[in-house]
Amino acid sequence: MSEAIIEAVGVEKSYPQPDGTRILVVGATNLAIERDKIIAILGPSGCGKSTLLRILTGLSEPTAGTLLWHGKPLNGQMPNVAIVFQSFALFPWLTVIENVEAALEAKGVPEVERHKRALRALDTVGLDGFETAYPKELSGGMKQRVGFARALVVEPEVLFMDEPFSALDVLTAENLRNELLELWLSKKMPTSAIFIVTHNIEEAVMLADRVMVLGRNPARVRSDFNIRLKHPRDRKSARFVELVDYIYKVMTEPDTDHALPDAETTAEIILPKGGITKEAVKKQEAPLRTARYQMLPHARVGGIAGLAELLRDRGGREDLFRLSEELVMDVEDLLPILEACVLLGFAWLKEGDVQITPAGIAFADADIQHRKVLFREAALEHVTILKQIDSILKRKADHSIADEFFHDILDEHFAEDEVQRQFETAMNWGRYAEIFDYDRQSGKLIQTEATSEPALVPSPESQNLKS
């Protein structure tokens with residue numbers, strides 16, 4: 001095994017709640033970032049990928065467990081790392097070279113030295129000639145190259161990348177991936193390891209030496225394995241397709257354990273020398289609990305209906321990998337729609353395939369008004385928060401209630417940044433299903449009288465009578 005630069009041992013992250021308990025967002029996690037490796041981490045939206053990245057970079061303190069740098073605790077010091085973010089995060093009032101130099105200036109590097117290093121970094125990423133340009137003059141791909149140069153100029157031992165290609169168009173993203181891989185394989189990058197957070201399964205299999213797949217509620221490592229394929233990798237090779245399909249299965253069937261085909265998983269736990277001491281693991285000061293409340297996938301009704309129609313047209317069953325390729329959708333975009341269809345009883349997921357259910361067929365075949373009725377029935381049967389809202393509104397004398405009530409309920413079960421996303425999804429589904437209306441100005445949810453049958457379309461005869 002390669003030398004571990006960063007080790008996380010029993011690392012957890014939780015957030016305090018108003019009732020004094022703590023929501024566990026990242027469960028006890030052990031992982032190692034090894035020298036000469038590209039490690040990719042995948043997982044559904046909101047599972048804690050970026051939270052884990054912030055912990056590993058020293059930007060966020062773990063609530064429990066210990067973080068080791070070359071086998072020793074960090075003790076509040078920042079490790080020698082750099083981060084490339086999804087958003088370009090450039091200073092618009094600075095030129096390209098000034099943006100790159102900013103990282104060195106923050107470290108106190110003398111002006112002449114930082115200028116030389118910035119020029120070398122820009123040359124490495126192919127931006128020589130654009131030193132005096134401003135960010136507004138650059139394309140998205142060029143802006144991200146500036147981000148790469150700014151990260152590489154500090155010569156980090158580990159380069160962290162948080163979905164660095166997701167804001168780019170497909171062709172630009174593919175070009176940058178190839179350039180990144182070329183720099184890495186040719187040893188032109190002054191870094192010993194790369195840790196990349198991504199939602200693109202093919203990207204992970206194309207770039208990484210090792211892939212980790214996270215589950216959620218709380219985040220935990222569900223699969224951790226080496227990619228034993230030489231570069232350059234062929235997307236159409238049997239092994240490549242097999243690995244992509246395996247990751248799809250792991251991500252779409254969170255309650256099923258899948259064996260990695262014809263390969264051994266890597267050891268997930270790398271203990272520090274001498275084991276874990278009492279000082280290495282912090283004790284919780286408040287009761288700890290994981291989120292047991294149902295998490296809604298962040299999918300719009302239009303996407304749910306579109307997938308149901310597509311499956312209906314294709315005979316009712318489709319391979320997820322093939323579906324993702326044909327729709328040109330990353331798993332981050334496709335997975336919430338799939339999860340929503342499964343939650344509502346419109347589809348099943350099994351062995352990397354999605355299959356429409358009889359309820360899904362009825363939904364796909366229905367007209368606009370009857371779809372609302374079917375969606376309402378499915379939502380009230382399967383979605384906890386919508387059942388609660390419907391029940392409370394029926395019992396209330398004025399058939400209304402403040403949205404704060406449901407914010408408080410969600411706040412008991414989810415971290416702060418997830419509460420609003422859950423609420424917005426519930427509002428979108430509930431209003432479409434005509435379970436309630438929502439007045440944002442007053443912050444009130446108000447019961448509506450939803451029709452149980454499709455609306456009648458006036459006949460030509462009745463229209464003639466009216467005229």
Compare every heavy atom of [Y] with every heavy atom of [X], then report the nearest pair and how far apart it is.
X: Lys13; Y: Ser60; answer: NZ-OG, 3.1 Å
X: Pro135; Y: Lys143; answer: O-CE, 3.0 Å
X: Pro79; Y: Gly58; answer: CD-CA, 4.4 Å
X: Pro336; Y: Ala299; answer: O-CB, 3.6 Å
X: Ala151; Y: Pro156; answer: O-CD, 3.3 Å
X: Pro358; Y: Trp348; answer: CD-CH2, 4.2 Å

Is there a donor-acceptor pair closer than 3.5 Å between any side-chain N or O of [X] and the backbone N or O of [Y]?
X: Lys49; Y: Gly43; answer: yes
X: Asn30; Y: Gly10; answer: yes
X: Asn226; Y: Arg228; answer: no
X: Glu12; Y: Pro62; answer: no

Roughly how far, to the nearest 0.5 Å, is [atom2] of [Y] from [atom1] of [X]?
X: Arg145; Y: Thr172; atom1: CZ; atom2: OG1; value: 8.0 Å
X: Trp429; Y: Met427; atom1: CH2; atom2: CE; value: 12.0 Å
X: Glu242; Y: Ile247; atom1: CD; atom2: CD1; value: 11.5 Å
X: Leu183; Y: Asn178; atom1: CG; atom2: CG; value: 11.0 Å
X: Thr29; Y: Leu214; atom1: OG1; atom2: CG; value: 7.0 Å
X: Thr425; Y: His298; atom1: OG1; atom2: NE2; value: 5.0 Å

Kindly assign one of parallel, tilted or perpendicular to the pair Phe375 and Phe363, based on the angle between their ring planes and the thresholds 30° and 60°.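 Ring orientation of Phe375 relative to Phe363: tilted.
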Kindly determine whether Leu445 and Asp437 satisfy side chain to side chain contact (heavy atoms under 4.5 Å, CB included), including the steps that lead there. CA-CA 6 Å; Leu445 281 71; Asp437 284 331; over 6 Å; no
Taking the side chain as C-beta and beyond, is there a heavy-atom pair between [X] and [Y] under 4.5 Å?
X: Ile389; Y: Leu393; result: yes
X: Ile227; Y: Asp209; result: no
X: Leu31; Y: Val11; result: no
X: Leu185; Y: His231; result: yes
X: Val383; Y: Ile385; result: yes
X: Leu59; Y: Ile83; result: yes

Could you list the residues that satisfy ring-ring contact (aromatic ring centres under 6.0 Å, His included) with [X], not counting sequence neighbours?
X: Phe195; value: Phe160
X: His399; value: none
X: Phe91; value: Trp93

Aromatic ring proximity Phe423/Phe406, centre distance under 6.0 Å: no
Geometric cation-pi criterion [X] and [Y], 6.0 Å radius, 45° cone:
X: Arg431; Y: Phe436; value: no
X: Lys372; Y: Tyr432; value: yes
X: Arg210; Y: Phe225; value: no

Under a 4.0 Å threshold between the charged nitrogen and the carboxylate oxygen, would [Y] count as salt-bridged to [X]?
X: Arg235; Y: Glu174; result: yes
X: Arg440; Y: Glu424; result: yes
X: Arg312; Y: Glu309; result: no
X: Arg371; Y: Asp367; result: no
X: Lys444; Y: Asp403; result: no
X: Glu34; Y: Lys37; result: yes

Option passing side-chain hydrogen bond (donor to acceptor under 3.5 Å, both in side chains) with Ser391 (candidates Gln388, Lys387, Arg395, Lys394): Arg395
Is there a donor-acceptor contact under 3.5 Å linking the side chains of [X] and [Y]?
X: Asp162; Y: Ser50; answer: yes
X: Glu163; Y: Thr198; answer: no
X: Glu434; Y: Thr448; answer: no
X: Ser223; Y: Tyr246; answer: yes
X: Asp439; Y: Ser442; answer: yes

So if I apply the side chain to side chain contact (heavy atoms under 4.5 Å, CB included) rule between Leu53 and each of Thr57, Ile55, Thr51, Leu56, which one comes out positive? Thr57
Just one of Glu339, Gln422, Arg421 clears the side chain to side chain contact (heavy atoms under 4.5 Å, CB included) bar with Leu296, so which one?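 That would be Gln422.
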Just wondering, are more than 12 heavy atoms of other shown residues or ligands nearer than 6.0 Å to CD in Glu137? yes
Please determine whether the number of non-hydrogen atoms from other residues, nucleotides or ligands lying under 6.0 Å from atom CZ of Arg233 exceeds 12. yes
Starting from the C-alpha separation in whole Å, work towards a yes-or-no answer on side chain to side chain contact (heavy atoms under 4.5 Å, CB included) for Thr63 and Tyr15. CA-CA 8 Å; Thr63 313; Tyr15 294 96; over 6 Å; no
Audit row: Asp353, Leu320, side chain to side chain contact (heavy atoms under 4.5 Å, CB included) steps and yes/no: CA-CA 5 Å; Asp353 289 351; Leu320 288 180; 6.0 Å; no
Under the criterion side chain to side chain contact (heavy atoms under 4.5 Å, CB included), I'd like the reasoning laid out for Leu380 against Ile435: C-alpha separation, chi angles, the key distance, then a yes or no. CA-CA 9 Å; Leu380 291 179; Ile435 298 170; 3.7 Å; yes
